[in-house]
Engineer: 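Sharing a structure with you now.
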Amino acid sequence: MKTLLTTLCAATLALSTLPASAADKEIAVIVKTVNSDFWQNVKKGANDGAAKLKGYTATFQGAASDTDLAGQVALVENAVNRKVAGIVLAPSDPDALIPAMKKAWEAKIPVILIDSAASDAGKNYYQSFLATDNKKAGELCAQALIDKIGKEGKIAIMSFTAGSGSEIGRVGGFRKYIETHSKLKIVGTFYSNSQMGTALNQTTDVLAANADLKGLFGANEPTAIGMGRALVQSGKAGKVAAIGFDGNGDLQAFVKDGTIEAIAVQSAYMMGHLGVTTVADVVAGKKVPKFLDTGVVMVTKKNIDKPEAKNVLY
């Protein structure tokens with residue numbers, strides 16, 4: 001795992017004075033939505049991490065959907081009102097959660113971000129950000145697609161929630177690499193809002209509208225599953241190259257049968273585990289990295305049964 005350490009912000013220093021008296025205190029883990037295996041794996045990591053921390057418990061909540069920003073804000077504000085020991089947050093939007101994060105900071109409740117970044121306006125209100133380097137992961141996906149189909153032809157990007165921190169980095173990295181290193185034409189970017197059925201319909205439509213489409217990129221778990229199912233149902237599996245993201249059982253099956261060429265798999269478990277343990281470190285006055293890259297593994301049919309893949313698949 002590669003780590004990137006930067007200077008702690010003033011907010012971290014202020015919070016480092018918090019008393020280490022969080023016995024029997026709650027760490028609130030608040031994610032975008034609970035409706036995916038990815039977030040359930042974050043939950044597993046958080047629970048395992050909390051079990052190793054004396055005097056702490058972890059709770060796990062998510063909004064109704066990736067686009068339910070008001071719902072996620074309410075969850076954070078409720079956690080602040082409960083005076084939790086700390087908050088582990090995967091913000092669905094880089095700006096919408098900042099006022100709630102500020103309330104936590106004012107209450108001297110540490111906030112650890114996972115998966116998706118906040119904008120620069122929120123940098124003083126969180127102590128550490130634990131995530132995949134999404135820009136780099138997007139570049140790896142683009143490289144894998146070019147390696148499979150070459151540098152000319154048409155491709156489509158099947159994305160998830162426009163404007164979320166992980167989407168900006170991941171799809172932005174993919175698009176920039178494609179534009180810089182090939183002459184591939186991107187016929188469209190489609191947003192499923194992390195709804196598998198929407199992604200299936202969108203992929204079916206783009207395949208029908210572009211008979212000469214050579215490749216697809218499905219940028220998160222439900223979107224990639226919908227993409228894979230559309231390829232199978234349209235008879236295009238193995239004929240149109242596809243790169244996915246995340247690593248649940250459905251996506252693993254698509255890799256094994258050749259529907260999807262490769263999947264970029266994050267360590268969701270590690271995000272949850274490190275999230276709660278980093279809260280405890282901040283409360284105890286320990287220094288923590290401002291950013292920690294939790295890593296990504298490109299999983300293909302060749303390595304899917306090897307330890308490097310098994311360690312991150314779920």
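The residues of the chain are indexed from 1 along the displayed sequence.
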Engineer: Would you say the side-chain atoms of Glu261 pair up with the backbone N or O of Val255, donor to acceptor, closer than 3.5 Å?
Structural biologist: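 No, the answer is negative, given that no donor and acceptor are paired below the 3.5 Å cut-off.
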
Engineer: Give me the one residue out of Asp37, Val42, Leu251 that meets side-chain contact (heavy atoms from CB on, under 4.5 Å) with Tyr314.
Structural biologist: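 Testing Tyr314 for a side-chain contact (heavy atoms from CB on, under 4.5 Å) against Asp37, Val42, Leu251 leaves exactly one candidate, Asp37.
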
Engineer: Taking Lys154 as the fixed residue, which of Leu184, Val187, Ile149 is the one that meets the side-chain contact (heavy atoms from CB on, under 4.5 Å) rule?
Structural biologist: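 Among Leu184, Val187, Ile149, the one that satisfies the side-chain contact (heavy atoms from CB on, under 4.5 Å) with Lys154 is Val187.
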
Engineer: Can any side-chain N or O of Ser92 pair as donor or acceptor with the backbone N or O of Leu69 at less than 3.5 Å?
Structural biologist: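 Such a contact is absent between Ser92 side chain and Leu69 backbone.
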
Engineer: Is it the case that the side chain of Gln72 and the backbone of Val31 share a donor-acceptor pair, with hydrogens and angles ignored and the cut-off at 3.5 Å?
Structural biologist: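 Yes, because the side chain of Gln72 sits within donor-acceptor range (under 3.5 Å) of the backbone of Val31.
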
Engineer: Set out, in order, the CA-CA distance, both residues' side-chain angles and the distance that settles side chain to side chain contact (heavy atoms under 4.5 Å, CB included) for Tyr191 and Thr161, then state yes or no.
Structural biologist: CA-CA 6 Å; Tyr191 299 97; Thr161 308; over 6 Å; no

Engineer: Between Asn303 (side chain only) and Met298 (backbone N and O only), is there a donor and an acceptor less than 3.5 Å apart?
Structural biologist: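 Yes.
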
Engineer: Any donor-acceptor pair under 3.5 Å linking the side chain of Ser36 with the backbone of Trp39?
Structural biologist: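 Yes; judged by distance alone, with no hydrogens or angles, the pair exists.
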
Engineer: With distance as the sole test, does Glu26 use its side chain to make a donor-acceptor pair with the main-chain N or O of Tyr56 at under 3.5 Å?
Structural biologist: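 A pair under 3.5 Å: no.
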
Engineer: Say whether, by atom type as modelled, one donor and one acceptor occur between the side chain of Thr132 and the main chain of Asn134 under 3.5 angstrom.
Structural biologist: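 Pair absent, no side-chain N/O of Thr132 close to backbone of Asn134.
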
Engineer: Could you tell me whether Lys290 sits above the aromatic face of Tyr126, with NZ or CZ closer than 6.0 angstrom to the six-membered ring centre and within 45 degrees of the axis?
Structural biologist: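 Geometry flag: set, cation within 6.0 Å and 45°.
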
Engineer: Here's a test for you: under side-chain hydrogen bond (donor to acceptor under 3.5 Å, both in side chains), which of Glu167, Lys32, Arg170 qualifies with Ser116?
Structural biologist: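 The residue from Glu167, Lys32, Arg170 that satisfies side-chain hydrogen bond (donor to acceptor under 3.5 Å, both in side chains) with Ser116 turns out to be Lys32.
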
Engineer: If the threshold is 4.0 Å, N to carboxylate O, is there a salt bridge linking Asp48 and Lys44?
Structural biologist: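 The answer is yes: the pair qualifies as a salt bridge.
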
Engineer: Given Tyr269 and Val312, is the side chain to side chain contact (heavy atoms under 4.5 Å, CB included) satisfied, shown in steps?
Structural biologist: CA-CA 8 Å; Tyr269 176 93; Val312 294; over 6 Å; no

Engineer: Would you say Asp293's side chain and Gly295's backbone share a donor-acceptor pair under 3.5 angstrom?
Structural biologist: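 Such a contact is found between Asp293 side chain and Gly295 backbone.
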
Engineer: Which pair of non-hydrogen atoms, one from Ala242 and one from Leu231, has the smallest distance, and what is that distance?
Structural biologist: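 Distance-wise, the nearest heavy atoms are CB-CD1, 3.7 Å.
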
Engineer: Where do Ile27 and Val88 land on the side chain to side chain contact (heavy atoms under 4.5 Å, CB included) test, with the steps shown first?
Structural biologist: CA-CA 7 Å; Ile27 298 174; Val88 177; 3.9 Å; yes

Engineer: Any idea which heavy atoms bring Val76 and Ala100 closest together, and the distance?
Structural biologist: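 Reported closest heavy-atom pair: CG1-CB, 3.6 Å.
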
Engineer: So, Thr180 side chain and Lys176 main chain: donor-acceptor pair closer than 3.5 Å or not?
Structural biologist: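 Yes, Thr180 side chain to Lys176 backbone: donor-acceptor pair under 3.5 Å.
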
Engineer: Less than 4.5 Å apart, side chain to side chain, heavy atoms only: is that true for Arg229 and Asp250?
Structural biologist: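 In contact.
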
Engineer: Using a 3.5 Å distance criterion without hydrogens, assess whether the side chain of Lys151 forms a donor-acceptor pair with backbone atoms of Ile146.
Structural biologist: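 Side chain of Lys151 to backbone of Ile146: no pair is present.
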
